[in-house]
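No hydrogens, no waters, no symmetry mates; every other heavy atom, side chains included, goes into these values. Since we're looking at a predicted model, the values are computed, not measured.
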Amino acid sequence: MPLLAPAPQALNRRLIAVKPITVPTSPASDSSTGSSPARNVSGGIEGDIERSLDLQVKVTAPLEGANLPVIVFSHGNAWSMDGYEPLVDRWAAAGFVVIQPTHLDSRRHHIGFDDPRFATIWRVRIADLHAVLDHLDDVLDQVPDLPRRVERDHIAVVGHSWGGQSAGALLGARVLDADGTPGEDFAHPSVKAGALIATTGTGDTLTPFALEHLPFMRPGYSTMTTPALVIAGGKDQSAMSTRGPDWFTDAYTLSPAPKRLLTITDGEHTLGGLAGEAVKETSDEDPTRVALVADAVAAYLLDVLSGDATAWQDLQQQAATSSGAFGIQSK
């Protein structure tokens, strides 16, 4: 049976996209922003790395509508604010304001695995997300008429692949050291929910390459208390872990409730092509699968942030009749 996805209301909305918007990476001076001590990850990162390049973001939003919730989206390794349009445009058409930062690991910055700076980029990624949230008003002011239409109490973080681990840190996940001790708390108080797509599991089965280049790929989920949707592909076999596709469900199984899990049986790491059409990393290109991922995130966030469960209930009904094409769990 083909995949189906709940169609968010008003997918025919006209959209506006504004880029590049430069975001300050210094702590916001206004204490009313709701920022947290984790903002100290910005800037010099305790002397390890300087963000010598501007933090730039893209904002995509519907041209009309009020009380719009916000998604801050963290891209996968090497991508940028210019990717993931199949997701972002669908979220904006469903009534979300989407903000996409370009992290330092973007291929346009030429900082690869062998660059000595790469080992601390995971911290800069988290700092980027904090900077966007701490300077949210400054970002929104760059889009005409948008600030008055945004619901600032309805903010979510979403990420794909490495972006999922980055977003997870703002939900409360922490990087574990070699002894399994949780590291710093980078949760952000303004984030009310999140969605982690094809996101790293625990680090006890990392391959030798991952151990050498990505030692921070050891998320601990026992402290991730913020509500979240986890999306995993049933055929997502990572080159970074010796485990199978169930590795990508750890964010659900190892975190405290409330959490939900969407498993797409034939999905691989890009789940049909999340980053864009005809992208070389896509091994399972399927626009319908991408629409399912986009609409599931929108339905979940509308339920958790706004209390509108209509689309999520539709998705549950479709999962029950999908002949195993996708399934949903919750706790």
Side-chain angles (χ1 to χ4, degrees), residues 1-3 5 74-79 83-84 86-87 105 107 112-114 118 122 125 158-168 173 175-176 194-221 224 228-255 259-294 296-297 319 322-329:
M1 182 175 180
L3 289 176
S74 181
H75 61 72
N77 180 51
W79 280 93
Y84 293 90
L87 285 182
D105 57 281
R107 59 174 58 92
F113 288 124
D114 295 327
F118 194 85
W122 70 273
R125 279 176 146 266
V158 180
H160 172 245
S161 194
W162 192 4
Q165 184 176 354
S166 303
V175 173
L176 306 177
L196 308 183
I197 306 168
T199 297
T200 299
T202 55
D204 53 353
T205 60
L206 293 179
T207 61
F209 177 89
L211 284 171
E212 178 182 358
H213 297 281
L214 309 166
F216 51 83
M217 195 178 283
R218 297 178 57 86
Y221 291 112
M224 194 176 77
L229 170 67
V230 177
I231 301 178
K235 293 185 178 179
D236 188 355
Q237 179 58 62
S238 176
M240 302 300 172
S241 172
T242 59
R243 275 174 61 190
D246 70 303
W247 190 54
F248 293 99
T249 66
D250 284 354
Y252 172 78
T253 58
L254 300 179
S255 64
K259 299 293 184 298
R260 300 179 197 175
L261 173 66
L262 170 65
T263 304
I264 302 175
T265 303
D266 291 330
E268 299 180 16
H269 195 60
T270 62
L271 293 163
L274 303 181
E277 296 180 358
V279 170
K280 66 178 182 179
E281 291 93 339
T282 300
S283 55
D284 65 332
E285 190 162 26
D286 185 342
T288 307
R289 188 172 295 151
V290 175
L292 171 63
V293 173
V297 171
S322 71
S323 301
F326 65 98
I328 295 173
Q329 300 178 50

Between H160 and H269 (side chain of the first, backbone of the second, donor and acceptor by atom type, cut-off under 3.5 Å), is there such a pair? yes

May I ask you to decide if W162's main-chain N or O and N77's side chain share a donor-acceptor pair within less than 3.5 Å? no

Note, D105 side chain near H75 side chain (heavy atom, < 4.5 Å): yes

Interatomic distance, CG@D236 vs OG1@T270, rounded to 0.5 Å, equals 8.5 Å

Minimal non-hydrogen separation, T199 against F248, with atom names: O-CD2, 3.3 Å

Please assess L214 against L206 for the test side chain to side chain contact (heavy atoms under 4.5 Å, CB included), listing each intermediate value before the final yes or no. CA-CA 9 Å; L214 309 166; L206 293 179; 5.9 Å; no

How far apart are the closest heavy atoms of V175 and F216, and which atoms are they? CG1-O, 3.6 Å

Residue list, side chain to side chain donor-acceptor pair (under 3.5 Å) with S241, at least two apart or on another chain: T205

What's the spacing between L262 CG and T249 OG1 if we round to 0.5 Å? 12.5 Å

Are I231 and V297 packed together at the side-chain level, in the sense that at least one heavy-atom pair is separated by less than 4.5 angstrom? yes

Once rounded to the nearest 0.5 Å, what's the spacing between atom CG of D246 and atom OH of Y252? 14.5 Å

Give a yes or no answer on whether the side chain of W122 reaches the backbone of S166 with a donor-acceptor pair at less than 3.5 Å. no

